[in-house]
Novice: 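Take a look at this one; I'll ask things after.
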Amino acid sequence: MALTSTGEGSMQEQNFFDGPGRTGMQSGPAATGGADGLRLPYELQHFSIHGRVFASTDPGLQLALASIHDDAGRPRCLCVAGGVEMYVARHRKYVVKRMPETGKDHHPSCPSYEPDAALSGLGELMGEAVLEPESGRVELRVDFPWARTQGHALSRGASSEPAEITVARRRMSLRAVMHYLFERAGFNRWTPAMAGKRNQGVLCKYLLTAAAEIDVKGIPLAERLYVPEPFQESTKADSAQRRREKLAILQPQEGHAPLALVIGEFKACDHADHACRIWIRHMPDAPLLMPAKSWERLARVHAPLLEARDADTGRRVRLMIAALIRARREFTYEIDGASLMLVSDQWIPLEGVHECPLLDELVGQQRRFLKPLRYDAPQGCAFPNVLVLDGGSMPIPLYIVSAFAGAKERAAKERAIAKGACWAWWTDQPMPALPAPTA
C-alpha cells in the first residue's frame, strides 16, 4: 500500500551544520566538519528569546543566549505553534540544545526532532541503560567491562543463600553502543544537503563529538573511543603517533588491563595459525589481533553482514566494527569483544541489504528521512524501516517485508503494518510510489 500525507511544509535550508546531531544545534554562521574544513549544510532554526525571534544564523544570537545562560530564561524553538522549550549550554560558543524527552514535540523537519523512542530499539533501554542525570550528559550502562584484572581468580567459599535479591537491569551491548553513537551523531538521519558531504573525517569528528557527552562506568566515553583519522600517505606518521598517544591508556596499571573501544570500517581478516589480523580502513599500519576461534564465532553470528559486502546491490555497502581492545603487549592490540553493523555508502545504518533500494530511492528523490535502529531488540521487524520527515506534521513510517524473511519475522512485520496508516513494500512486488512530500 502507499500513503500520501499532507501537512506543514518543511523548513528552509541554510549553509549551517553542527554535525548530524540529535541534541540541538550550535549557533553561528557556519561550522566546519572533517579534516579539510568542509562546509556542511544544515536546516535553519528559529528561536524566541525574551520576545524576540532569532534565526540560528543571526549574528545577534550569541548575545541573546549569553543574556539567559545564567538565569531561568529559556529559548523556545519555533518549529511548531507555541514553540518548544530548550536550554542553553556553553562550549566554545553558546549552544541551544533540546530538553530531555522533548524530541518528539518538535516538527519532523526540525533539526531538534527525534521520534518517540518506542519506534526503535532505544525505547527498551531508556531509563534503565540510557540515563540523563543532567542536561547535556548521558550515562550508558553497558554489559562489557572497561578493564580486565590480570591473574585474578574467583574465591571459592562455602555456598550460602543470598542475603538479598537484586533486580536485573538492562545493559547495552557493544552493538547498542555503536547504534547509540551513530544516532546521537546523526548518521541515521538524511537530508538532501548531506549528499557528498560525508567522509571518514566527518565520521571521526562527529562520533567523537557525540562521545564527549556520554559517560560509561563513570568514564567519559571520548577518553576510551578511537575512530581512525582519514588516512593520507603524507601525514601517516603524525596520525600513527596520535593513535599511539590515544591508545596509551591501555597500559596496564596495578594489575588491571584497561580496555578501549575502536569503531571503524572493517576491511579484511588475515588468518594465521592461532590468531587473526583484523584490518580496519584508515588503519593500514595497526591490525587488531583476535584469537582464531573468536573470529570464527563472530563470523558465524554475523555471516549475513559479511556476505552483504558481496551482494549485487549496485552500490557499495560498508561493514562497521566496534571492537573492545586491550594491549596484549606494547603497541600490540588484541580484540576482547566485537560486533558488526552494516551501513550504506553514506554511513546510514542498515538492518540488511533489502533496505538498499528504498534508501537509494529516498536519496534519489531528495527526501528527508530517519532510520530507526534496532539496538538490542531481538529483531527489528516491529520497527519501521524508515521514517519520512518531510511528509507533514507527523513522520510517515515506511515498512519493508523481505521475501527472504522467515515466517515469524514476516508475521511480526505484517502485524506492525496493520496497526496504523503507513507505507509498505513487499520486496517480491514492485516498489509502490513513496508518500509525497509537502510543499
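Just so you know, these numbers come straight off a predicted model, no measurement behind them. In what follows, residues are counted from 1 in the order of the sequence shown.
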Novice: Do the side chain of Thr209 and the main chain of Lys205 share a donor and acceptor less than 3.5 angstrom apart?
Specialist: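 Yes, the answer is positive, given that a donor and an acceptor are paired below the 3.5 Å cut-off.
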Novice: Taking atom types as modelled and ignoring hydrogens, do the side chains of Glu414 and Tyr399 form a donor-acceptor contact shorter than 3.5 angstrom?
Specialist: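 No pair is found: no donor N or O on one side chain lies under 3.5 Å from an acceptor on the other.
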Novice: State the CZ-CD distance between Arg326 and Glu334, to the nearest 0.5 angstrom.
Specialist: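 Here the interatomic distance stands at 4.5 Å.
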Novice: Checking the side chain of Arg410 only, and the main-chain atoms of Ser402 only, is there a donor and an acceptor separated by less than 3.5 Å?
Specialist: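 Yes.
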Novice: Out of Leu207, Val262, Leu261, which residue meets the side chain to side chain contact (heavy atoms under 4.5 Å, CB included) rule with Val227?
Specialist: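 Answer after filtering Leu207, Val262, Leu261: Leu207.
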Novice: Restricting to non-hydrogen atoms, name the atom on Ala416 and the atom on Cys381 that form the minimum distance, rounded to 0.1 Å.
Specialist: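 Heavy atoms only, the tightest pair is CB-O, 4.2 Å.
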Novice: So how far is it from Asp285 CG to Ser239 OG, rounded to the nearest 0.5 Å?
Specialist: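 Result: 8.5 Å between the selected atoms.
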Novice: Name all residues meeting the salt bridge (Lys or Arg N to Asp or Glu O under 4.0 Å) criterion together with Lys413; count only those two or more places apart in sequence or in a different chain, and write none if there are none.
Specialist: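 If we apply the salt bridge (Lys or Arg N to Asp or Glu O under 4.0 Å) test to Lys413, skipping adjacent residues, there are no hits.
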Novice: Considering non-hydrogen atoms only, spot the tightest contact between Leu119 and Pro372 and give its length.
Specialist: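 Residues Leu119 and Pro372, closest heavy atoms: O-CB, 3.4 Å.
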Novice: Spell out, as yes or no, whether a donor-acceptor pair under 3.5 Å connects the side chain of His179 to the backbone of Tyr375.
Specialist: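 Answer holds: yes.
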Novice: Shortest non-hydrogen contact from Ser48 to Leu78?
Specialist: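 Of all heavy-atom pairs spanning Ser48 and Leu78, the closest is CB-CD2, 3.9 Å.
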Novice: Do you see a donor-acceptor pair shorter than 3.5 Å between the side chains of Asp376 and Ser173?
Specialist: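 There is such a pair (donor and acceptor under 3.5 Å, judged by atom type) between the side chains of Asp376 and Ser173.
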Novice: Does Arg148 come within less than 4.0 Å of Asp336, counting only side-chain N to carboxylate O?
Specialist: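 Yes.
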Novice: Can we say Glu265 and Arg316 salt-bridge, meaning some charged N sits less than 4.0 Å from an Asp/Glu carboxylate O?
Specialist: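 Yes, Glu265 and Arg316 are salt-bridged.
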Novice: Where do Pro228 and Cys204 come nearest, in terms of heavy atoms and distance?
Specialist: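 Heavy atoms of Pro228 and Cys204 come nearest at O-CB, 3.8 Å.
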Novice: Do Gln45 and Ser112 have a side chain donor and acceptor closer than 3.5 Å?
Specialist: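 Yes.
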Novice: Take atom NZ in Lys217; do more than 12 heavy atoms of anything else shown fall under 6.0 Å from it?
Specialist: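 Yes, NZ of Lys217 has more than 12 neighbouring heavy atoms, counting only those of other groups under 6.0 Å.
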Novice: State which residues pass ring-ring contact (aromatic ring centres under 6.0 Å, His included) with Phe266; sequence neighbours excluded, sorted by chain then number.
Specialist: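 Phe266: ring-ring contact (aromatic ring centres under 6.0 Å, His included) contacts with Trp295.
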Novice: With a 4.0 Å cut-off on N to O distance, would you call Lys104 and Glu114 a salt bridge?
Specialist: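 No, no charged N to carboxylate O under 4.0 Å.
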Novice: So, is the end of the Arg368 side chain (NZ or CZ) under 6.0 Å from the ring centre of Trp190 and within 45° of the ring's axis?
Specialist: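 Negative - Arg368 is either too far from the ring of Trp190 or too far off its axis.
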Novice: Ring of Tyr94, cation from Arg90 - is the NZ or CZ under 6.0 Å from the centre and inside 45° of the axis?
Specialist: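 Judged by the rule (NZ or CZ under 6.0 Å from the ring centre, within 45° of its axis), Arg90 counts as positioned above Tyr94.
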Novice: To the nearest 0.5 angstrom, please state how far the CH2 atom of Trp347 sits from the CG atom of Leu350.
Specialist: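 Between Trp347 CH2 and Leu350 CG, I get 13.0 Å after rounding to 0.5 Å.
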Novice: How many angstroms lie between CG in Leu359 and CG in Asn385, if you round to the nearest 0.5 Å?
Specialist: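 Taking CG in Leu359 and CG in Asn385, the distance rounds to 9.0 Å.
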Novice: Evaluate the ring planes of Trp146 and Phe144, with Trp represented by its six-membered ring, and classify them as parallel (under 30°), tilted (30 to 60°) or perpendicular (over 60°).
Specialist: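 Trp146 vs Phe144 ring planes: perpendicular.
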Novice: I need the single residue from Glu183, Met341, Arg175 that forms a side chain to side chain contact (heavy atoms under 4.5 Å, CB included) with Leu373. Which is it?
Specialist: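 Among the candidates, only Glu183 passes.
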Novice: When you check the gap from the basic side-chain N to the acidic O, do Glu355 and Lys371 get nearer than 4.0 Å?
Specialist: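 Between Lys371 and Glu355 there is a salt bridge, with a charged N closer than 4.0 Å to a carboxylate O.
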Novice: Kindly write out the residues that satisfy salt bridge (Lys or Arg N to Asp or Glu O under 4.0 Å) with Arg242, not counting sequence neighbours, or none if the list is empty.
Specialist: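 If we apply the salt bridge (Lys or Arg N to Asp or Glu O under 4.0 Å) test to Arg242, skipping adjacent residues, the hits are Glu229.
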Novice: Can you name the nearest heavy-atom pair linking Phe231 to Pro284, along with the distance?
Specialist: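 For Phe231 and Pro284, the tightest heavy-atom pair comes out as CE1-CG, 3.5 Å.
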Novice: Can you check whether Tyr226 reaches Ile249 side chain to side chain, under 4.5 Å on heavy atoms?
Specialist: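 No, every pair of side-chain atoms sits at 4.5 Å or beyond.
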Novice: For the residue pair Leu358 and Leu434, establish whether any side-chain heavy-atom pair is separated by less than 4.5 Å.
Specialist: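 They are in contact (side-chain heavy atoms under 4.5 Å apart), so the answer is yes.
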Novice: Does a side-chain heavy-atom distance below 4.5 Å link Arg171 with Val142?
Specialist: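 No - every pair of side-chain heavy atoms lies 4.5 Å or more apart.
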Novice: Taking Trp425 for its side chain and Gln429 for its backbone only, find out whether a donor-acceptor pair lies under 3.5 Å.
Specialist: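 Checked: pair present.
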Novice: Give a yes or no on whether Gln365 atom CD has more than 12 heavy-atom contacts from other residues, nucleotides or ligands under 6.0 Å away.
Specialist: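 Yes, because the 6.0 Å sphere around CD of Gln365 holds more than 12 heavy atoms from other groups.
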Novice: What do you reckon, is NZ of Lys246 surrounded by more than 12 foreign heavy atoms closer than 6.0 Å?
Specialist: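 Correct, the count exceeds 12.
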Novice: Identify the two heavy atoms, one from Leu208 and one from Ala222, that lie closest to each other, and give their separation to 0.1 Å.
Specialist: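 For Leu208 and Ala222, the tightest heavy-atom pair comes out as O-CB, 4.3 Å.
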Novice: Using the side chain to side chain contact (heavy atoms under 4.5 Å, CB included) definition, which of the options Leu125, Leu131, Val130, Val216 pairs with Arg141?
Specialist: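 Exactly one pass, corresponding to Leu131.
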Novice: Kindly say whether Leu289 contributes a backbone atom to a donor-acceptor pair with the side chain of Arg277 at under 3.5 angstrom?
Specialist: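 Side chain of Arg277 to backbone of Leu289: no pair is present.
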Novice: Please check this pair: side chain of Asn199 against backbone of Val202, looking for a donor-acceptor N/O pair closer than 3.5 Å.
Specialist: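 Yes; at least one donor-acceptor contact below 3.5 Å.
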Novice: Quickly, which of Leu203, Asn188, Ile348 forms a side chain to side chain contact (heavy atoms under 4.5 Å, CB included) with Phe182? Name it, please.
Specialist: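 In the set Leu203, Asn188, Ile348, the residue that makes a side chain to side chain contact (heavy atoms under 4.5 Å, CB included) with Phe182 is Leu203.
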Novice: Output the distance between atom CG (Leu398) and atom CD (Glu361), rounded to the nearest 0.5 Å.
Specialist: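 Answer for the CG-CD pair, Leu398 versus Glu361, is 11.5 Å.
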Novice: May I ask you to say whether Arg318 pairs ionically with Asp345, meaning some side-chain N is under 4.0 Å from a carboxylate O?
Specialist: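 No, Arg318 and Asp345 are not salt-bridged.
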Novice: If you round to the nearest 0.5 Å, how far is CD of Gln379 from CZ of Arg374?
Specialist: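 Interatomic distance, Arg374 CZ to Gln379 CD, rounded to 0.5 Å: 7.5 Å.
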